[in-house]
Amino acid sequence: MEENAAPMRNDCKLSGIKPAMVDLPYPPIQVKEKNRSYADLLSVDYCGSVSELSAITQYINNENRLSCEKCPLTGAILGIAMAEMMHLQKLGELINLLGGNIDFSAKQPGGRPMMWTPAYLTLPDNAKKMLWADIESEKAAINQYKMHIRAMKDEYVNAVLARIIKDEEYHIMLLQTWMETV
């Protein structure tokens, strides 16, 4: 740092941020019976290329990169990341109940497990592109959850996934609103 230069600091206060979620309860976390193939499907939602782990990491990265210049937006992004963390936790519980393992690898049907990697992330260089990438990621997650709901015949698991979809739809609405301001 240059002599007599003022220290750089970030005055963006993010305390008190709450998860950005629809105000509806989650169904109980339970399963009809152990089913390893269902656990494997959920492992893709947990830590695949389109997953809660990818969403959390992408949102936190965006929040960190924008925190000095767009404080209100970073608060919204952090709230969405917090909701995604709750989704990750619920998926982990379901995977365990279904007899699966939480090991940060997505079990591909008929293939080998794929370890999560930051290469799954989209990290654009400006706020508008970040929001666009986040909207596209949310849409992809919704489509994947709907595909998994159709593949699983467990009404308990499907009820949790349907509730997660409501949050993802809410996130799209929030992100689209922010797109109009950046």
Side-chain angles (χ1 to χ4, degrees), residues 14 16-33 35 37-63 66 72-98 100 102 104 106-107 116 120-122 127-182:
L14 296 173
I17 301 293
K18 297 199 179 341
M21 301 171 65
V22 175
D23 189 19
L24 293 170
Y26 273 86
I29 304 299
Q30 60 188 5
V31 300
K32 189 167 32 174
E33 60 191 6
N35 186 318
S37 64
Y38 290 177
D40 289 351
L41 276 178
L42 293 183
S43 75
V44 174
D45 299 321
Y46 188 87
C47 64
S49 60
V50 174
S51 68
E52 297 298 337
L53 184 59
S54 293
I56 293 163
T57 308
Q58 185 165 304
Y59 281 122
I60 293 297
N61 184 277
N62 289 347
E63 181 269 326
L66 293 172
L73 173 58
T74 61
I77 290 172
L78 183 58
I80 294 171
M82 293 167 72
E84 304 296 3
M85 288 177 206
M86 295 177 74
H87 299 164
L88 185 77
Q89 190 276 332
K90 291 176 185 322
L91 290 171
E93 283 188 63
L94 289 171
I95 291 167
N96 280 326
L97 289 171
L98 289 164
I102 303 299
F104 296 102
K107 282 55 167 199
W116 185 87
Y120 293 154
L121 307 180
T122 302
K128 193 170 228 41
K129 289 179 183 176
M130 287 177 194
L131 291 170
W132 180 253
D134 292 341
I135 290 167
E136 291 304 307
S137 294
E138 294 284 357
K139 288 178 181 178
I142 290 168
N143 289 336
Q144 183 169 284
Y145 280 128
K146 287 179 178 179
M147 183 176 67
H148 290 169
I149 287 171
R150 287 189 301 271
M152 292 187 283
K153 305 301 180 220
D154 185 319
E155 64 272 13
Y156 302 117
V157 174
N158 287 344
V160 174
L161 298 184
R163 174 58 187 81
I164 289 173
I165 288 171
K166 290 184 184 314
D167 285 339
E168 308 299 18
E169 292 168 339
Y170 179 60
H171 297 163
I172 290 171
M173 187 271 306
L174 291 174
L175 294 164
Q176 287 172 333
T177 300
W178 277 103
M179 283 283 283
E180 297 168 11
T181 68
V182 294

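Only a predicted model underlies this, so the values are computations on that prediction, with no experimental measurement involved.
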List the atom pairs, with distances to 0.1 Å, where a side-chain N or O of residues 129-136 and a protein N or O form a donor-acceptor pair under 3.5 Å, not counting sequence neighbours.
| residue | atom | partner | partner atom | Å |
| --- | --- | --- | --- | --- |
| Asp134 | OD1 | Gln58 | NE2 | 2.8 |
| Asp134 | OD1 | Asn62 | ND2 | 3.3 |
| Asp134 | OD2 | Asn62 | ND2 | 3.2 |

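- Considering every non-hydrogen atom in both Ala81 and Ile56, the closest pair reads O-CG1, 4.0 Å.
- One N or O on the side chain of Ser54 and one on the backbone of Gly48 form a donor-acceptor pair closer than 3.5 Å.
- Listed here is the closest heavy atom pair of Val44 and Ala106: CA-CB, 3.9 Å.
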Check against side-chain contact (heavy atoms from CB on, under 4.5 Å), Ile142 and Ile172: CA-CA 10 Å; Ile142 290 168; Ile172 290 171; 3.6 Å; yes

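- Heavy-atom minimum distance, Tyr156 versus Val31: CD1-C, 3.7 Å.
- Without hydrogens or angle criteria, Lys18 side chain to Gly79 main chain gives no donor-acceptor distance under 3.5 Å.
- Scanning all heavy atoms of the two residues, the minimum distance from Ile17 to Gly75 falls at CG2-O, 3.6 Å.
- Note that OH of Tyr59 is 4.5 Å distant from CG of Leu175, once rounded to the nearest 0.5 Å.
- One distance of note links CD of Gln89 with CD of Glu52; it measures 11.5 Å at 0.5 Å rounding.
- Nearest approach of Ala20 to Ala83, heavy atoms of both residues: O-CB, 3.3 Å.
- For the pair Asp154 (side chain) and Lys32 (backbone), a donor-acceptor distance under 3.5 Å is present.
- Between atom CZ of residue Arg150 and atom NZ of residue Lys146 there is a gap of 8.5 Å, rounded to the nearest 0.5 Å.
- Atom SG of Cys47 is separated from atom CG of Leu88 by 8.5 Å, given to the nearest 0.5 angstrom.
- Applying the side chain to side chain contact (heavy atoms under 4.5 Å, CB included) criterion to Met152, with sequence neighbours excluded, gives Tyr38, Leu41, Leu42, His148, Val157, Asn158, Leu161.
- Under the rule for a side chain to side chain donor-acceptor pair (under 3.5 Å), the partners of Asn35 that lie at least two apart in sequence or sit in another chain are Ser37.
- Residue Ala127 comes nearest to Leu73 through the heavy atom pair CB-CD2, 4.2 Å, listed as atom of the first residue, atom of the second, then distance.
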With side-chain contact (heavy atoms from CB on, under 4.5 Å) as the criterion, how do Ile164 and Asp45 come out once you've worked through the C-alpha distance, each side chain's angles and the decisive distance to 0.1 Å? CA-CA 11 Å; Ile164 289 173; Asp45 299 321; over 6 Å; no

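- Taking Trp178 as the reference, nothing meets the side chain to side chain donor-acceptor pair (under 3.5 Å) condition, with sequence neighbours excluded.
- Applying the side-chain hydrogen bond (donor to acceptor under 3.5 Å, both in side chains) test to residues at least two apart or on different chains, the pairs with a partner in residues 162-176 are Tyr26-Asp167, Glu84-His171, His87-Asp167, His87-Glu168, Glu138-His171, Arg163-Asp167, Glu168-His171.
- Here the straight-line distance linking atom CH2 of Trp116 with atom OG1 of Thr57 works out to 4.0 Å at 0.5 Å rounding.
- Contact of the Asn143 side chain with the Val50 side chain is not registered, since no non-hydrogen atoms from C-beta on lie closer than 4.5 Å.
- Checked against side chain to side chain donor-acceptor pair (under 3.5 Å), Glu155 has no partners two or more places apart in sequence or in another chain.
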Ile60 and Leu78: CA distance, side-chain angles, deciding distance, side-chain contact (heavy atoms from CB on, under 4.5 Å) verdict: CA-CA 7 Å; Ile60 293 297; Leu78 183 58; 3.8 Å; yes

